[in-house]
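Below is one structure, written out as structure tokens, with a few remarks after it.
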Amino acid sequence: MEKAKTFGCVILLAFALLSPNLRAQLNESDTLRFQLRWGAGGSHQTGNVEFFTLRSRAELVFAISPELRIKSQNNSLYQAFGSRRADNDLSSRNFLYFRPEAKVYPFAMVFVQRNFRRKIDQRLFAGAGFTWQAIRNPKGYLKFSASLVGEETLFADTRFSDSRYDGSRKISVWRPTLYATTSTANADQKFRLHGTAYWQPGLDKVPNNRISLELGADVSVWKGLMCNLLYVYGFEQVVPVAVRQRDGLLTFGFSYQIKSTTRP
């Protein structure tokens, strides 16, 4: 069953990346001064089964000047069964772009992550790279990026799937990163399909690869209000003992998007 889900995820991602009619969600290459997209959802059940979940997602693109733009993507997830916490995760991906309207442009990035289920108390990596806009037209884009980042992760355990890391909570490693992102929409922009993928091998004596995939669909409900579906798949080669290398999460809810037409 797990292999089938992984295979399906890869097929959907390939479809999104190869689609000729591409359309962005929040695109740093747009000439808009300000773009904001925010969504949240959750549930609370009591009685025979007590369950609480709360998730949110926010994306921001802001033009500091005609040449410099900031993009920030932030996700949080909290889940608890009764008094037992199941998830308490945070992911913040932040970029600084220089002339992102060009065919090839440089960027710097800082990522901050926390993942309760994977026993990651804190992960920080930062670096720089270049983006190539393979496709960009009024219907959307397809982009590929390459970068090099330095990463430091503080775990809640000192025993790992590869015993050569045993004895310390902290793992530091340099990672080259290959990244792809795209989004596609129909003619009236009422439906959008988007996907991202990145691969990060570790430059270390221990094999330490990481893969992440995101696939999403958005349906316009009214003006800036949209219904969203998002599937996230992650693989980490080195994990604490008793933690699985693969994770999958399917979420759905609503979001609202604001765009400023004033150019920087």
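Owing to the predicted nature of the structure, the values given are computational and were not obtained by experimental measurement.
A salt bridge links Asp157 to Lys119: at least one charged side-chain nitrogen sits closer than 4.0 Å to a carboxylate oxygen. Salt-bridge formation is detected for the pair Glu236/Arg123: a Lys NZ or Arg NE/NH1/NH2 atom is positioned less than 4.0 Å from an Asp or Glu carboxylate oxygen. A salt bridge links Arg69 with Glu101: the closest approach of a Lys/Arg side-chain nitrogen to an acidic carboxylate oxygen falls below 4.0 angstrom. Under a 4.0 Å N-O distance rule, the pair Arg210/Glu151 qualifies as a salt bridge.
Considering every non-hydrogen atom in both Ala126 and Val110, the closest pair reads CB-CG2, 4.0 Å. In terms of heavy atoms, Ile120 sits closest to Arg114 at O-CG, 3.5 Å.
Within a 6.0 Å sphere centred on NZ of Lys103, other residues, nucleotides and ligands contribute more than 12 heavy atoms.
A ring-centre distance under 6.0 Å is not found for Phe81 and Phe52.
For the pair Asn115 (side chain) and Arg117 (backbone), a donor-acceptor distance under 3.5 Å is present. In this structure, the side chain of Arg118 engages the main chain of Gln245 through a donor-acceptor pair within 3.5 Å.
No hydrogens or angles considered: a donor-acceptor pair under 3.5 Å links the side chains of Asn94 and Ser92. For the residue pair Tyr233/Arg246, the side-chain donor-acceptor check at 3.5 Å is satisfied. With 3.5 Å as the limit, one finds no donor-acceptor pair spanning the side chains of Arg175 and Gln200.
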